[in-house]
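Beneath this line is the structure, given in structure tokens, with notes to follow.
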Amino acid sequence: LDLPVGNKGQLESLPKVFVSNEKLLCNLLAGIFDSDGSIYKNRNKYPRFSLVLKNESLIKEIKQHLFNLGITSTIRKNKYYDKRVNKIEITWHLDVNGIKNFNLFMRKIKLRNPNHLKRIKNFHFINYSSNRSEGASALQNVEIILFFCNVKFLFIHTVNRESLSW
């Protein structure tokens with residue numbers, strides 16, 4: 001599969017066998033986000049997926065693949081002092097922000113990390129099932145709670161996922 005054993009920091013690009021097939025690519029991205037990603041609400045209470053890697057070219061490639069799937073993201077560079085190795089390190093952060101991107105990400109990239117799934121269920125604005133065996137039926141109805149004006153108004157609406165457009 002062209003994946004080195006152990007540290008993948010020197011990996012120049014994602015293996016071509018994965019990126020040539022959308023289903024395999026989505027599974028690969030799910031694995032990357034499950035292992036090296038995090039999910040939380042930003043200060044405005046909107047969902048954010050964040051992926052942190054030391055490999056700039058890999059982060060840029062992942063951003064492009066997400067874009068090809070219709071998911072927008074941003075990249076930022078972070079410098080920090082790592083006292084374990086006594087030097088300044090650079091990491092690259094890829095962030096997927098907002099409810100629209102969150103819903104699209106969850107529809108296309110099925111996360112399996114139990115900690116991520118638990119956190120997502122606690123967000124209270126989406127019901128998400130990661131059970132792949134349910135197929136299309138798992139994607140039918142989803143309750144979305146949109147937060148307006150710092151949660152002063154709640155709007156709950158049930159929609160069909162196929163008609164979800166923001």
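The chain is numbered in sequence order, starting from 1. Everything numeric here is computed off the predicted structure, so don't read it as measured data.
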**Report entry** Any residue meeting ring-ring contact (aromatic ring centres under 6.0 Å, His included) with Phe33, in chain and number order, not counting sequence neighbours
**Finding:** Phe105
Requested in this report: Evaluate the side chain to side chain contact (heavy atoms under 4.5 Å, CB included) criterion for residues Asn27 and Ile109: first the C-alpha distance (whole Å), next the side-chain angles of each, then the deciding distance (0.1 Å), finally the verdict.
Outcome: CA-CA 7 Å; Asn27 281 308; Ile109 301 168; over 6 Å; no
How long is the gap from [atom1] on [X] to [atom2] on [Y], to the nearest 0.5 Å?
{"X": "Ile32", "Y": "Leu53", "atom1": "CD1", "atom2": "CG", "answer": "7.5 Å"}
{"X": "Leu66", "Y": "Leu94", "atom1": "CG", "atom2": "CG", "answer": "6.0 Å"}
{"X": "Thr72", "Y": "Asn97", "atom1": "OG1", "atom2": "CG", "answer": "8.0 Å"}
{"X": "Asn115", "Y": "Ile39", "atom1": "CG", "atom2": "CD1", "answer": "11.5 Å"}

Partner set under side-chain hydrogen bond (donor to acceptor under 3.5 Å, both in side chains) for [X], not counting sequence neighbours:
{"X": "Asn113", "result": "none"}
{"X": "Ser73", "result": "none"}
{"X": "His65", "result": "Glu61"}
{"X": "Asp36", "result": "none"}

Using the side chain to side chain contact (heavy atoms under 4.5 Å, CB included) criterion, which residues pair with [X]? Sequence neighbours excluded.
{"X": "Glu22", "answer": "Cys26, Leu69, Lys108"}
{"X": "Lys77", "answer": "Lys79, Ile90, Trp92"}
{"X": "Ser35", "answer": "none"}
{"X": "Asn78", "answer": "Tyr80, Thr91, His93"}

Requested in this report: State, yes or no, whether a side-chain contact exists between Asp82 and Lys87 at a heavy-atom distance under 4.5 Å.
Outcome: no
Requested in this report: Answer yes or no: is there a side-chain heavy-atom contact under 4.5 Å between Val52 and Ile59?
Outcome: no
I need the minimum non-hydrogen distance between [X] and [Y], along with the two atoms involved.
{"X": "Lys110", "Y": "Ala30", "answer": "O-CB, 3.3 Å"}
{"X": "Ile99", "Y": "Pro47", "answer": "CG1-CD, 3.9 Å"}
{"X": "Gly37", "Y": "Leu51", "answer": "N-CD1, 3.9 Å"}

Query - From CA spacing to verdict: side chain to side chain contact (heavy atoms under 4.5 Å, CB included), Leu111, Ile120 - result: CA-CA 10 Å; Leu111 298 179; Ile120 289 166; 4.3 Å; yes
Query raised in the report: Passes side chain to side chain donor-acceptor pair (under 3.5 Å), Arg48 versus Asn101? Steps please.
Result: CA-CA 9 Å; Arg48 174 181 285 170; Asn101 284 311; over 6 Å; no
If hydrophobic clusters are built from ILVMFWY residues whose side chains come within less than 4.5 Å, do [X] and [Y] share one?
{"X": "Val17", "Y": "Leu28", "result": "yes"}
{"X": "Phe67", "Y": "Leu14", "result": "no"}
{"X": "Leu58", "Y": "Leu24", "result": "yes"}

Report summary line: Going by chain and number, the hydrophobic cluster around Ile88 (ILVMFWY, side chain to side chain under 4.5 Å) further includes Tyr81
Query raised in the report: Listed by chain and number, what are the salt bridge (charged side-chain N to carboxylate O under 4.0 Å, His left out) partners of Arg43, not counting sequence neighbours?
Result: none
Report task. Determine which pairs satisfy salt bridge (Lys or Arg N to Asp or Glu O under 4.0 Å) with at least one residue from residues 25-35, sequence neighbours left out, and list them in order. Result -> none
Query raised in the report: Among Lys100, Arg107, Met106, which one satisfies side chain to side chain contact (heavy atoms under 4.5 Å, CB included) with Leu104?
Result: Arg107
